[in-house]
> 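Take this structure, written in structure tokens, and hold onto it; I'll ask about it next.
Note that ligands are numbered from 1 as they come in the structure, with each ligand's atoms numbered from 1 the same way. Quantities reported herein were computed from a predicted structural model and do not represent experimental measurements.
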Amino acid sequence: MSAKPWWEDAVLYQIYPRSYQDTDGDGVGDLAGIRRRVDYLEWLGVDAVWLSPVFRSPHADFGYDISDYRAVDPLFGDRRDLDALRDALHERGMKLLLDLVPNHSSEEHPWFRAACSSRDDPKRDWYLWADPGPDGGPPNNWLSVFGGSAWEWHEPTGQYYYHAFLKEQPDLNWRNPAVRAAMLDVMRHWLEWGADGFRVDVMWHMIKDDRLRHNPPNPDYDPDAPGFSYDRLIPAFTTDRPEVHDVVADMRGVMDAYGDRLLIGEIYLPVERLVLYYGTDGGGAHLPFNFQLVQLPWERERIEAAIGTYEAALPEGAWPNWVLSNHDKPRVAGRWGEPAARAAAVLLLTLRGTPTIYYGDELGIGGVTIPEDRVRDPHALRDPGTPTRDAYRTPMQWTPEPGAGFSETEPWLPLTADHERRNVEVQREDPGSMLRLYRALIRLRADEPALVRGRYEPVPGQGPVLAFVRALEGRRLLVGVNVSGERATFRPGLELRGEVLLSTAGDRDPVAGELSLAPHEAVVVAL
Ligand code: GLC
């Protein structure tokens, strides 16, 4: 039997590089800054860091528009800074995951420049071009995720090109073997350099219908409700196409040639579609990101059902994973409130599967109000009424000082109003803080193999209390979470007697018979 891969035991940590630590005084984070904080990451106890893109980019979508997949963007530093960060992490036994953005490049990528130069250019077919539709407008009704038509007219060559996101982010043509070969080479380049894996951007978008069929209208779309104009149609012909799985299998093939590396896919799909990205016989992504907790309300029945559905849907041998927040969606403390975010941290770190922590969640950063004149997110700027993602990308807060230890100048996005208290320096000294809770949970996971390797056994919930057991050999740990703002009592149909290993409400006496939980309290009990 081969050893278990490292990432099954790992706690992953996402860094949005613009917002972690500024060292060159421009108000934007950089690679030297992240390196400066490697000791903190070690203290926190995470095992791997995923960096949102640091590659050369005009930053129309803050690095998710890449113009050179092999170069570091000068905003973040240079190749030596990235080398030094890799080495600093590796020296401490931590892994480094890079962000691969293969679905689209920047419009400034030489490939796209060449494609635009003439219809006969050899790179023309590296992107998705089409003639106008019968009415002279766009070829079909496909919409951009960021608002408006997904087709942009290119006057000099008299055709439209497709962009799932901004017009500055033309989609690559993954049906073209030359595109595949080029991007797989990019992967090899970084794997040889020492990357421990990739998070693949919008994996489910990579192949579109070759017949360009119209997307059907979404019967549930309410134009008056807040939301994205993109939701007007069901993206049946632009996402999750059957052929995408061949692409993922090719990527996995590259990973496998380098040994113990991790392939994560960013995929927003219902669970039964999501799990197909594990691939036939496990030959797909190691971890298709599971965003259920990011999207659900903080309600016991909904969360319980989601866990159960997910566990049941996982194919043989597939390893689960959980996420609470990321740079695209409201932070957990913003969505559910800080007390619930503490309980959610317990869920994230005790459910079966690899957890990903989003930087700043460990401080309980919640909803930050972004004044209109400071909105930077291209999605919000382009699609009126869309909440701005800037609110989930504000700088990490290290100290009570004016720039929160993030920057000596005005940061590119505002800090939280309470940053003088909500920062690493203050929370490190406070045993009741969110930061100390995260650290204690990570330690508990490291000390209790049942939390990593144990079976997941659902325990029927009661009222607002969600519960499950993690069991390994003789060890049984009960996790109980009160999802409400009221005190709740839980009498599970199992022998309940044991030591409380951790509670979000501080030290507790052993429990016997029933479990009384404070509002939003979560506990781990050794049965
Ligand atoms: C992914 C990224 C998001 C970006 C989009 C387009 O969803 O997470 O930040 O805007 O892809 O690249």
> Can you report which non-hydrogen protein atom sits closest to atom 8 (O) of ligand 1, along with the distance?
Asp328 OD2, 2.5 Å
> Under 4.0 Å from a heavy atom of Gln169: give me the atoms of ligand 1 that qualify, with their elements.
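So the answer, numbered in order with elements, is 6 (C), 12 (O).
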> Whether the side chain of Asn321 engages the backbone of Gly353 through a donor-acceptor N/O pair (distance < 3.5 Å, no angle test) should be reported.
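No: the side chain of Asn321 does not pair with the backbone of Gly353.
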> Is a donor on one side and an acceptor on the other found under 3.5 Å between the side chain of Arg445 and the backbone of Leu349?
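Indeed, once roles are kept as given, a pair shorter than 3.5 Å links the two residues.
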> Relative to Tyr268, does Lys329 satisfy both conditions: NZ or CZ under 6.0 angstrom from the six-membered ring centre, and within 45 degrees of the ring's axis?
yes
> So is Phe62 in contact with ligand 1, going by heavy-atom distances below 4.0 Å?
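No, Phe62 has no heavy atom closer than 4.0 Å to ligand 1.
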> What class does the angle between the rings of His59 and Phe62 fall in, given that below 30° is parallel, 30 to 60° is tilted and above 60° is perpendicular?
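His59 and Phe62: tilted rings.
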> Applying side-chain contact (heavy atoms from CB on, under 4.5 Å) to Tyr230 and Leu143, what does each step give before you reach the verdict?
CA-CA 6 Å; Tyr230 175 70; Leu143 295 174; 4.1 Å; yes
> Considering only heavy atoms of Arg393, which atoms of ligand 1 have at least one such atom less than 4.0 Å away?
9 (O)
> Of the backbone atoms (N, CA, C, O) and the side-chain heavy atoms from C-beta on, which set of His327 has a member under 4.0 Å from an atom of ligand 1: side chain, backbone, both, or neither?
side chain
> Before we go on, tell me: are the rings of Trp142 and Tyr162 under 6.0 Å apart, centre to centre?
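When the ring centroids of Trp142 and Tyr162 are compared, they turn out to be within the sub-6.0 Å range.
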> Distance under 4.0 Å to a non-hydrogen atom of Phe146: what atoms of ligand 1 satisfy this?
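With Phe146 as reference, the close atoms of ligand 1 come out as 10 (O).
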> Which residue owns the protein heavy atom closest to atom 2 (C) of ligand 1, what's the atom, and how far is it?
Asp201 OD1, 3.1 Å
> Students should be able to answer this: which protein heavy-atom is nearest to atom 7 (O) of ligand 1, and at what distance?
Glu266 OE2, 2.8 Å
> Under 4.0 Å from any heavy atom of Asp61, which atoms of ligand 1 are there?
4 (C), 5 (C), 6 (C), 10 (O), 12 (O)
> Counting only heavy atoms not in Glu372, do more than 12 sit closer than 6.0 Å to its CD atom?
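Not buried by this count: 12 neighbours or fewer within 6.0 Å.
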> If you count the atoms of ligand 1 from 1 in the order shown, which ones are under 4.0 Å from a heavy atom of Arg389?
3 (C), 4 (C), 9 (O), 10 (O)
> Below 4.0 angstrom from a heavy atom of His104, which ligand 1 atoms are there? Numbered from 1 as shown, please.
6 (C), 12 (O)
> Pull out every atom of ligand 1 sitting under 4.0 Å from any heavy atom of Val202, numbered as shown with elements.
1 (C), 7 (O), 11 (O)
> State whether Trp412 and Arg376 meet the cation-pi test: NZ (Lys) or CZ (Arg) under 6.0 Å from the six-membered ring centroid, and within 45° of the perpendicular axis.
no
> For Arg199 and ligand 1, answer yes if some heavy atom of the residue is under 4.0 Å from a ligand atom, otherwise no.
yes
> Measure up the Tyr20 and Tyr13 rings against each other and bin them: parallel (under 30°), tilted (30 to 60°), perpendicular (over 60°).
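Tyr20 and Tyr13: perpendicular rings.
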